[in-house]
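Written out below as structure tokens is the structure these notes cover.
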Amino acid sequence: MQVHPAPRFRGVFTLPGDKSISHRAALLGAMAEGATLVRNYSSAADCASTLACLRALGVEVRRDGTEVRIAGGGTSAWRPPSSVLDAENSGSTIRMLAGALAGRPFRSVLTGDESLRRRPVERVAAPLRAMGATVLTTDGKPPLTIEGGRLRGLVCDLPVASAQVKTAVLLAGLQAEGVTTVREPAPSRDHTERMLPAFGVTVEREGLSATVRGGARLRGAEVTVPGDVSSAAFFIVAALVLPDSEVRLDGVLLSPTRTAFVEVLRAMGGRVEARLEAREPEPVGSIVASSSRLHGTVVDPALVPSLIDEVPALAAAAAFAEGPFTVTGAAELRVKESDRIAALAEGLAALGVRVRELPDGLVVEGGAPLRGARVRSHGDHRIAMALSVAALAAEGGTEVEGAECVAVSFPGFYALVDRATGRA
Ligand code: S3P
């Protein structure tokens, strides 16, 4: 994909549904008895992977554009899949579905694309085994074989903050005997905990722990998915770093477990305002961002779990900020869709940015003009979008190799960029 410098970035956008919330709505709908209707279901390829896996388990799923209807027969209606379940690029699909399958009395094999087969799944396998499921991994990575059945409740202390693992254990816990508690070292996104009550299930939350009771019966529900705030991050950064720019994003998710990047951008001098319009079941509202003079900052490592997916967008912003921008405590980035620390360091350096890799983060010394170059996405949607946003404010054109991977989370990204830059 050729990305040309843009004079400005403007417009009002309503972004597709949030990827994390869409996965959960589909999974809970498939586990529920009675019909579920999901509105504004994400257009991300990852969320289509979740629906495909559910269909392979015999779940009746109908999709009409952004509306997804699931004729829930409860988990007892799930059938052994006739072939391997392919989560493609989606870590959320493989890990969260593993939790639901741990309670099913049949064998399933889950795999994914080349990127997913390099990512850790032992973190989800270990607690599911402790609950009584048979779970085999391939050296800690997919393919993953699960033979589920009778589970017992578990008190599980997660070694790393992971919303996917937390969700997997809770979905297994709903099918277990007794009570299951998950405790995290730091707060991760809490969409599962917030959505379960809509499906008729009580979640007790206290500090960093969430508890569910086994033998739960989920009832079908209606879920309206807010706009994806992780996709919004790229538009916000584009508006900040380009001159004469302003974007407004309406109906976007404003969960504090996802918006820590906004705090960081503000600490960098970014003009970003959020207006909260609804609080339940998830905070939703609009965000306005406009051209700003940015300076570097040190990101508090305690915030990292709440901005982990936004580090690529923040690094793109940092490339235009005066003085050093430092993020640490983000070693998890090395095991995302790509090694995001290495991929960002490589891509930003190619654009002329001074950047230093740390074992668990990055230092970006911004402020010097960027020059267009050939950069690699490493097959990672967020790397492609971060480098594309940086390229919009560079001098000269940039070729982003493998940019089609943006479809993993945001298929319309380049079309909307063209609209915002006045090219469409
Ligand atoms: C997600 C959780 C995070 C995040 C991922 C989506 C989720 O992963 O990076 O993009 O929807 O629960 P971890 O659970 O590995 O932290």
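One-based numbering, in listed order, for ligands and for the atoms of each. Everything quoted here is computed from the prediction, not taken from an experiment.
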Listed by chain and number, what are the side-chain hydrogen bond (donor to acceptor under 3.5 Å, both in side chains) partners of Arg63, not counting sequence neighbours?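 With neighbours one apart ignored, the set is empty.
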
Chi angles and distances behind the side chain to side chain contact (heavy atoms under 4.5 Å, CB included) call for Arg213, Glu204: CA-CA 9 Å; Arg213 269 160 217 291; Glu204 288 162 44; 3.3 Å; yes

Rounded to the nearest 0.5 Å, what separates atom CG in Leu85 from atom CD1 in Ile94?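 One finds 9.0 Å between CG of Leu85 and CD1 of Ile94.
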
Does Arg219 have more than 12 heavy atoms from other residues, nucleotides or ligands lying within 6.0 Å of its CZ?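 No - once you tally the heavy atoms of other residues, nucleotides and ligands closer than 6.0 Å, there are 12 at most.
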
Would the number of heavy atoms belonging to other residues, nucleotides or ligands and lying under 6.0 Å from CD of Glu67 be above 12?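 More than 12 heavy atoms, drawn from other residues, nucleotides or ligands, come within 6.0 Å of this atom.
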
Starting from [atom], find the nearest protein heavy-atom neighbour and note its residue, name and distance.
{"atom": "atom 11 (O) of ligand 1", "answer": "Ser20 OG, 2.7 Å"}
{"atom": "atom 14 (O) of ligand 1", "answer": "Ser162 OG, 2.7 Å"}
{"atom": "atom 12 (O) of ligand 1", "answer": "Arg24 NH2, 2.6 Å"}
{"atom": "atom 1 (C) of ligand 1", "answer": "Gln164 NE2, 3.5 Å"}
{"atom": "atom 10 (O) of ligand 1", "answer": "Asp309 OD2, 2.8 Å"}

Are Phe9 and Phe235, when compared by the centres of their aromatic rings, separated by less than 6.0 Å?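 Under 6.0 Å, so yes.
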
Would Glu337 and Ser115 count as having a side-chain donor-acceptor pair, cut-off 3.5 Å?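 No donor-acceptor contact under 3.5 Å links the two side chains.
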
Quick one: does ligand 1 sit under 4.0 Å from the side chain of [X], the backbone, both or neither, non-hydrogen atoms only?
{"X": "Arg95", "answer": "side chain"}
{"X": "Ala163", "answer": "both"}
{"X": "Arg189", "answer": "side chain"}

If hydrogens are left out, which of Lys336, Glu332, His381 has an atom nearest to atom 3 (C) of ligand 1, that is, the closest non-hydrogen atom?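 Nearest heavy atom to atom 3 (C) of ligand 1 lies in Lys336.
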
For ligand 1, is Ser92 a contact, meaning one of its heavy atoms is under 4.0 Å away?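 The answer is yes: ligand 1 sits under 4.0 Å from a heavy atom of Ser92.
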
Does ligand 1 come near enough to Val165 that some N or O of the ligand is less than 3.5 Å from an N or O of the residue?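 Looking only at distances, the answer is no, because the N/O contact criterion of under 3.5 Å is not met.
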
Of the options Asp360, Asp339, Asp380, which is the one that meets Arg334 in a salt bridge (charged side-chain N to carboxylate O under 4.0 Å, His left out)?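 Running salt bridge (charged side-chain N to carboxylate O under 4.0 Å, His left out) over Asp360, Asp339, Asp380 with Arg334 returns exactly one hit, Asp339.
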
